[in-house]
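Down below is the structure, laid out as structure tokens.
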Protein chains: 2
Amino acid sequence: MTERDTVRTLAHPEPDEIRLEGVLHALSDPVRLSIVRDLAATEAELSCSHFDLPVTKSTTTHHFRVLRESGVVRQTYRGTAKMNGLRRTELQTLFPGLLDSVLEAAAAEGARLGAPGAPLT
Amino acid sequence: MTERDTVRTLAHPEPDEIRLEGVLHALSDPVRLSIVRDLAATEAELSCSHFDLPVTKSTTTHHFRVLRESGVVRQTYRGTAKMNGLRRTELQTLFPGLLDSVLEAAAAEGARLGAPGAPLT
DNA sequence: CCCGTCCTACGACGGTTCTCGTACGATGGG
DNA sequence: CCCATCGTACGAGAACCGTCGTAGGACGGG
């Protein structure tokens, strides 16, 4: 990394090109929201293939592209793998508290729907 | 209001039927986000015709229905007019802080895009 | 009772999205 | 050098979305 990513770079929107509507739309799909939640659960970057999604690889590529083009995630190549990281800082600067609220809301809904017993441990 | 809305009732989702994805999707359209912002700017309920939207009445009806069916607004008839109010309490209970974050983000983006000079007065 | 206003229903259209399968390029290990 | 792995590109189809126009129903005022 750091300087070894000269080849195969990917286009990302600048902070001032990130649109709230685009971010909300990106997060309004269950598959993509699940990706973002997994990404938010760790500080590390995760490869596309790390995710266990109920769609094919083609569709996975599509969803990651939507997330990247809306400015939610940053993607960098690492050998054959493509690593994904949340653009926390930019999003926090543009829309303070928004990402956290959505993640908390997703967690709340997940607990409400998938675990009525509320597993705390 | 209070008890005069016996006729012509509209179907609204219960709090436990409101889905985060649905709310985010409802808010990801510029017209609908504009409606929600206007609604949030006042405590009063507003009629559909009060809004000055760049679409026809048919489309306006469609957008209000999306907002109602996703659980974002509550609609009640008042004579020939249909009044619209944000479901602040339910949303705050289900997804604490989410609505506020989105509204702040929309305001921030509006200031960033529409008013680079930042009109404060 | 009639009419104007407000909103809805229905049908339609064009565009976008989500999904897939298959075929293809890029990288790194043996 | 070959091959396995990872991701992409390119169709392609089904579904959905945003938009409109027209026609029609409900309400309130004169």
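Every chain is numbered from 1, with letters handed out A, B, ... down the list of sequences. All values derive from a computational prediction rather than experimental measurement.
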What is the distance from [atom1] of [X] to [atom2] of [N], rounded to the nearest Å?
X	N	atom1	atom2	value
A/His50	D/dG7	NE2	P	12 Å
A/Lys82	C/dG25	NZ	C1'	13 Å
A/Glu21	C/dT16	CD	P	16 Å
B/Arg65	C/dC6	CZ	C1'	16 Å
B/Glu69	D/dC17	CD	C1'	13 Å
B/Leu46	C/dC6	CG	C1'	15 Å
B/Leu53	D/dT19	CG	C1'	13 Å
B/Leu24	D/dC17	CG	C1'	17 Å

- [ ] Please check if the side chain of A/Asp52 supplies one atom and the backbone of A/His50 the other of a donor-acceptor pair under 3.5 Å.
- [x] no
Open item on the list: Keeping A/Thr59 on the side-chain end and A/Val55 on the backbone end, is there a donor-acceptor pair under 3.5 Å?
Closed with: no
If only side-chain N and O atoms of [X] are considered, is one of them under 4.0 Å from the OP1 or OP2 phosphate oxygen of [N]?
X	N	value
B/Ser49	C/dC7	yes
A/Tyr77	D/dT8	yes
B/Thr60	C/dC7	no
A/His63	C/dT19	yes
A/Arg32	C/dC18	yes
A/Ser58	C/dC20	no
A/Arg78	D/dC6	no
A/Thr56	C/dC20	yes

- [ ] Nearest-nucleotide wise, let me know which of B/Val31 and A/Gln75 is further upstream toward the 5' end of DNA chain D.
- [x]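 This one resolves to A/Gln75.
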Open item on the list: Could you check whether A/Glu45 pairs with A/Arg78 (Lys NZ or Arg NE/NH1/NH2 to Asp/Glu carboxylate O, under 4.0 Å)?
Closed with: no
Task: Option from B/Leu67, B/Asp29, B/Val73 for which side chain to side chain contact (heavy atoms under 4.5 Å, CB included) with B/Ile35 holds - done: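 The single option meeting the side chain to side chain contact (heavy atoms under 4.5 Å, CB included) with B/Ile35 is B/Leu67.
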- [ ] Could you please name the option among D/dG7, D/dA9, D/dC20 that lies closest to any side-chain atom of B/Val55?
- [x] D/dC20
- [ ] Would you indicate what B/Thr61 reaches in the nucleic acid, counting non-hydrogen atoms under 4.0 angstrom: base, sugar-phosphate, or nothing?
- [x] base
Task: Along DNA chain C (nearest heavy atom to each residue), the more 5'-positioned of A/Thr80 and A/Val66 - done: A/Val66
Open item on the list: Closest-nucleotide mapping onto DNA chain C: is B/Phe64 or A/His62 further toward the 5' terminus? I mean the 5' end.
Closed with: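 This one resolves to B/Phe64.
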Open item on the list: For a side-chain contact (heavy atoms from CB on, under 4.5 Å) check, start with the C-alpha distance between B/Leu94 and A/Arg112, then their side-chain angles and the critical distance, and finish with the verdict.
Closed with: CA-CA 9 Å; B/Leu94 284 170; A/Arg112 180 161 58 90; 3.5 Å; yes
Task: Partner of B/Gln75 by side-chain hydrogen bond (donor to acceptor under 3.5 Å, both in side chains), out of B/Arg65, B/His12, B/Arg68 - done: B/Arg68
